[in-house]
2 protein chains.
Amino acid sequence: MAAVRPYTCGLDAAADVIGGKWKPRILWALHHGPRRFGELRKEVTGVTEKMLIQQLRELESRHIVHREVFHQVPPKVEYSLTELGESLNIALMPLDQWGADHMTEIEASRPC
Amino acid sequence: MAAVRPYTCGLDAAADVIGGKWKPRILWALHHGPRRFGELRKEVTGVTEKMLIQQLRELESRHIVHREVFHQVPPKVEYSLTELGESLNIALMPLDQWGADHMTEIEASRPC
DNA sequence: CACCTCACTGACTTTTTGGTAAGTACCTGA
DNA sequence: TCAGGTACTTACCAAAAAGTCAGTGAGGTG
């Protein structure tokens, strides 16, 4: 989903940041606090390691998530929301609520 | 962006509905009232006829937009938001606001 | 010394999405 | 009869996103 640039509205810009199959799920998982890579892999069911890391790196480069490495063996890496990420998640709440409210309708009208 | 089903959260469901390069732009354009096909083509700059109709059909099948044909020559077809579409647009407003508020940061950190 | 965990990384393939360009149908007015 | 305006439709191709799968490194455990 290559977004149009320069953005024509805020929605456009936001879509560019949260676009992709896994980013909303990841944001959702991080909503309740920092998570290790392995924890995210479990919580975001269905994601592969490659996609997870790819999306995390994108979110990191957009300053939505923060990555912290603990120099241990075995390694430990924690991902958390930045302030910007928190504000994004807050802005996403009504959308999540909308989706929850209309889930049955959405399911019913899903293509095939 | 094939969404995971069954949905794991409301955000997931919402993402399935508004996913695609042009849907947020179309929703945005319809926010201010009904629009004819040709009007949308002009307002949603850069969209091709094929993509526009494709996205409109998807939104229609999800009961987000309403399509009304006026039997005239030359033809006239008007697209408008349904109640569900209106409620979706309202839920999208905070996200639009977030995007507008942080547009410069988002632009600055955009990939390449 | 072999094996384990954890967090990656990279090559390659498949699937999905989007874009191009041409054509259709209809009636109107010149 | 022929161009024009409007809303599509189709076949084909390109690009982007996602998936598969095998492999890496570093230190701790048996």
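Proteins come first, then strands; the chains are lettered A, B, ... in the order of their sequence lines, and each starts at number 1.
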Measuring from the side chain of [X] (C-beta onward, heavy atoms only), which nucleotide among [options] has the closest atom?
X     : options               : result
A:P75 : C:dG19, C:dC6, D:dA18 : C:dC6
B:R57 : D:dA26, C:dC8, D:dC8  : D:dC8
B:V73 : C:dC27, C:dG19, D:dC8 : C:dC27

Please report the shortest heavy-atom distance between B:G10 and A:D96, naming the atom on each side.
-> N-OD1, 3.0 Å
Phosphate oxygens OP1/OP2 of [N]: is one of them under 4.0 Å from a side-chain N or O of [X]?
X     : N      : result
B:K21 : C:dG19 : yes
B:R67 : D:dC8  : yes
A:R41 : C:dC6  : no
A:K50 : D:dA17 : no
A:R36 : C:dC6  : no

Grab the [atom1]-[atom2] distance between [X] and [N] for me, whole Å please.
X     : N      : atom1 : atom2 : result
B:K42 : D:dG5  : NZ    : C1'   : 11 Å
A:R25 : D:dA18 : CZ    : C1'   : 14 Å
A:L52 : D:dA17 : CG    : P     : 18 Å
A:I53 : C:dC6  : CD1   : C1'   : 11 Å
B:H71 : D:dC8  : NE2   : P     : 11 Å
A:M51 : D:dA17 : CE    : C1'   : 7 Å
B:F37 : C:dA25 : CZ    : P     : 18 Å
B:K76 : C:dT28 : NZ    : C1'   : 18 Å

Under 4.0 angstrom, heavy atoms only, what part of the nucleic acid is A:Y79 near: base, sugar-phosphate, or nothing?
->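 Answer is sugar-phosphate: A:Y79 comes under 4.0 Å of backbone atoms only.
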Checking all strands, does A:Q55 fall into the base, sugar-phosphate, or nothing category for heavy-atom contacts under 4.0 angstrom?
->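 Since only primed, P, OP1 and OP2 atoms lie under 4.0 Å of A:Q55, the category is sugar-phosphate.
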Pair [X] + [Y], salt bridge at N-O below 4.0 Å:
X     : Y     : result
A:R36 : A:E39 : no
A:E49 : A:R41 : yes
A:E68 : A:K76 : no

5'-most contact on DNA chain D: A:T48 or B:V77, nearest heavy atom basis?
-> B:V77
DNA chain C: A:P74 or A:E49, which has the more 5' nearest nucleotide?
-> A:P74
Examine A:M51 and A:L40 and state if one hydrophobic cluster contains both, with Ile, Leu, Val, Met, Phe, Trp and Tyr joined whenever side-chain heavy atoms are less than 4.5 Å apart.
-> yes
